[in-house]
S.K.: 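I am attaching a structure below and will ask some questions about it afterwards.
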Amino acid sequence: MKMNPLGQSGLQVSELCLGTMTFGNQTSPAEAFRQIDRALEAGINFIDTAEMYPVNPVRAETLGRTEEIIGDWNAASGRRGEWILATKHSGEGSFARDGAPISSKTIRETVEAGLKRLKTDYIDLYQFHWPNRGSYMFRKNWSYDPAQSGWTRAQVIADMEDCLGALQDEVKRGTIRAFGLSNESAWGTQMWLEAAERVGGPRVASIQNEYSLLCRLADTDLAEMMIYEDVGLLPFSPLGAGFLTGKYQGGAIPEGSRMSLNEGMGGRKTDRVFAAVDAYLKVARDFDIDPSHMALAWSARRSFVASSIFGATTFEQLEHLLGAVDVTLSEELLAALDEAHKAHPMPY
């Protein structure tokens, strides 16, 4: 398993990261334990969760359940130290804290609650799940207008500086080791980096944004910022929420799949996505490669990616996806993927 630096944090993470958003809903605690054990055996040392998990659907009554399952594994196994553990602080509008935005007032209590659920003394990577001011993510790139966000530049900067002070307090206490963002933009990340230099506080180590063959927003100026500022991308949904496996082609909706629970797939199910998937499936056939392995390996080995976050509802799915580690992507295959992308850009 290839290891990569996580920004300038000093942490080394495996090129694949175990995502856990189904733990406690689609994936039972016992099955989750099996997945954690198997991922560790396969050389994965990075696991990602969030206080709002599980999802599909997100419910107030299940808030924190995924962290609790991981915490139970930590307590039962005694192997907490073998994982780089990442979690997230939910933003404005979530079920947590009555929808309060992230601020210096919420960070300490949220960290403490997470530590208790995770049954650990520290969190390796503490991430803000989405910006207080709004975001282009989750298909909002088609309509988000920062001029209509209600935030001025001065307010955004003051908000960041306020949070950085509270985060630095947690670093000093030893409760968090590194800080990351999620669903963030190039400008937003740059402002966080500059604020940390100006007022102190942990430097941004990573950005967790959606990124796959079907969603390549990060390829433009975000990628350049990450390369030159030494910030790693942590792609989520590298399999395009399952579309890139091909399992939804021809109108299929497998029982227990995400589409069976969320018909619109969070805005990803469009008339154009199936044609795009067909193009990528053809590349996989032409090069005699499993499409899931191709998509996962592609996302993990982009120049600005630190680790690609994949999830599996079942143990069998996890076992299959681990095969991506041994895949080699030739220059000819990569060129074919780029041609497919040019023909089917941003299908959702």
Side-chain angles (χ1 to χ4, degrees), residues 21 50 52-53 55-59 88-96 98-103 127-160 163 180-192 204 207-226 231 233-244 248 258-259 261-277 279-280 299 304 309 340-348:
M21 70 179 188
M52 67 178 280
Y53 291 171
V55 301
N56 293 322
V58 177
R59 296 190 297 255
K88 310 180 196 74
H89 183 315
S90 299
E92 185 173 12
S94 75
F95 286 118
D98 297 321
I102 301 169
S103 73
Q127 304 159 102
F128 287 173
H129 212 148
W130 57 85
N132 285 333
R133 69 186 187 280
S135 168
Y136 292 97
M137 297 295 106
F138 303 112
R139 268 56 62 202
K140 293 178 183 176
N141 56 294
W142 302 107
S143 59
Y144 178 67
D145 181 357
Q148 303 300 318
S149 70
W151 288 72
T152 65
R153 183 183 188 278
Q155 288 172 324
V156 172
I157 302 304
D159 182 57
M160 292 176 177
C163 289
L181 303 169
S182 185
N183 300 300
E184 187 54 277
S185 68
W187 178 81
T189 306
Q190 189 65 40
M191 292 303 98
W192 278 105
V204 172
I207 313 169
Q208 184 176 152
N209 282 8
E210 182 166 358
Y211 186 66
S212 72
L213 289 166
L214 296 173
C215 181
R216 295 180 62 168
L217 286 172
D219 280 347
T220 54
D221 51 348
L222 186 63
E224 186 176 39
M225 183 280 300
M226 288 186 287
V231 176
L233 183 67
L234 305 179
F236 71 81
S237 291
L239 300 180
F243 277 109
L244 288 165
Y248 297 125
R258 184 183 300 195
M259 194 179 291
L261 301 172
N262 181 350
E263 183 180 0
M265 299 287 280
R268 298 180 183 90
K269 187 179 180 181
T270 68
D271 291 339
R272 295 184 297 116
V273 73
F274 297 103
V277 172
Y280 292 115
S299 71
F304 44 86
I309 304 169
H341 169 58
K342 290 175 186 178
H344 301 275
M346 291 305 296
Y348 48 71

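Computed from heavy atoms alone, side chains included, the values below leave out hydrogens, waters and symmetry copies.
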S.K.: Do Met226 and Leu222 have side chains that get closer than 4.5 Å, going by heavy atoms?
M.R.: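 Heavy-atom side-chain distance check passes, below 4.5 Å.
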
S.K.: Closest approach of Arg258 and Ser237, non-hydrogen atoms and distance?
M.R.: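 It is NH1-OG, 4.3 Å.
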
S.K.: Got Phe243 and Met259 here, is their nearest side-chain heavy-atom distance under 4.5 Å?
M.R.: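 Heavy-atom side-chain distance check passes, below 4.5 Å.
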
S.K.: Rounded to the nearest 0.5 Å, what separation is found between the CD1 atom of Ile157 and the CE atom of Met191?
M.R.: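 The CE atom of Met191 is 5.5 Å from CD1 of Ile157, to the nearest 0.5 Å.
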
S.K.: Are Leu217 and Met137 close enough that some pair of their side-chain heavy atoms sits under 4.5 Å apart?
M.R.: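 Sidechains of Met137 and Leu217: in contact.
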
S.K.: Taking the side chain as every heavy atom from C-beta outward, state whether Tyr348 and Met265 have any pair of such atoms under 4.5 Å apart.
M.R.: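 Not in contact.
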
S.K.: Check whether any side-chain heavy atom of Trp192 lies under 4.5 Å from a side-chain heavy atom of Val231, and answer yes or no.
M.R.: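 No, their side chains stay 4.5 Å or more apart.
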
S.K.: For residues 136-151, which residue pairs qualify under side chain to side chain donor-acceptor pair (under 3.5 Å), counting only residues two or more places apart or in two chains?
M.R.: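 Listed once each, the pairs are Arg139-Glu210.
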
S.K.: Asn183 side chain to His129 main-chain N or O, any donor-acceptor pair under 3.5 Å?
M.R.: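 Yes: the side chain of Asn183 pairs with the backbone of His129.
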
S.K.: Mind checking the OG-CG spacing from Ser212 to Leu239? Nearest 0.5 Å is all I need.
M.R.: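 Nearest 0.5 Å value for the OG-CG distance: 8.0 Å.
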
S.K.: Hey, is Arg133 close enough to Glu184 for a salt bridge, meaning N to O under 4.0 Å?
M.R.: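 Yes, Arg133 and Glu184 are salt-bridged.
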
S.K.: How many angstroms lie between CG in Asn262 and CG in Asn56, if you round to the nearest 0.5 Å?
M.R.: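 If I round to the nearest 0.5 Å, the distance is 5.5 Å.
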
S.K.: What heavy-atom pair brings Gly267 and Thr270 nearest, and what distance separates the two atoms?
M.R.: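 The answer is O-CG2, 3.7 Å.
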
S.K.: Locate the shortest heavy-atom distance separating Leu233 from Ala218; write the atom from each residue and the value.
M.R.: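 It is CD2-CB, 4.1 Å.
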
S.K.: Hey, is CD on Glu224 packed in by over 12 heavy atoms from elsewhere, all under 6.0 Å?
M.R.: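 No, CD of Glu224 has 12 or fewer neighbouring heavy atoms, counting only those of other groups under 6.0 Å.
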
S.K.: In chain order, what residues pass the side-chain contact (heavy atoms from CB on, under 4.5 Å) check against Asp219, with sequence neighbours excluded?
M.R.: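 Result, side-chain contact (heavy atoms from CB on, under 4.5 Å) vs Asp219: Tyr211, Arg216, Arg302, Phe304.
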
S.K.: What is the distance from atom OG of Ser135 to atom CG of Leu181, rounded to the nearest 0.5 Å?
M.R.: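 If I round to the nearest 0.5 Å, the distance is 11.0 Å.
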
S.K.: Do Met160 and Phe128 have side chains that get closer than 4.5 Å, going by heavy atoms?
M.R.: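 A side-chain contact under 4.5 Å is absent here.
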
S.K.: What is the distance from atom CD of Gln155 to atom CG of Asn132, rounded to the nearest 0.5 Å?
M.R.: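 Gln155 CD to Asn132 CG: 11.5 Å, rounded to 0.5 Å.
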
S.K.: Of all heavy-atom pairs between Ala343 and Pro345, which one has the smallest distance, and what is that distance?
M.R.: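 It is C-CD, 3.5 Å.
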
S.K.: When you look at Met52 and Ser94, which way does the side-chain contact (heavy atoms from CB on, under 4.5 Å) test go after all the steps?
M.R.: CA-CA 8 Å; Met52 67 178 280; Ser94 75; 5.7 Å; no

S.K.: Are Leu214 and Arg268 packed together at the side-chain level, in the sense that at least one heavy-atom pair is separated by less than 4.5 angstrom?
M.R.: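 With C-beta onward as the side chain, the pair stays apart.
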
S.K.: Identify the heavy atoms of Tyr248 and Ala241 that sit nearest to each other, and give their distance.
M.R.: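 Minimum heavy-atom contact is CE1-O, 3.8 Å.
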
S.K.: When rounded to the nearest 0.5 angstrom, what distance separates OG in Ser182 from CD1 in Ile207?
M.R.: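 Here the rounded value is 9.5 Å.
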
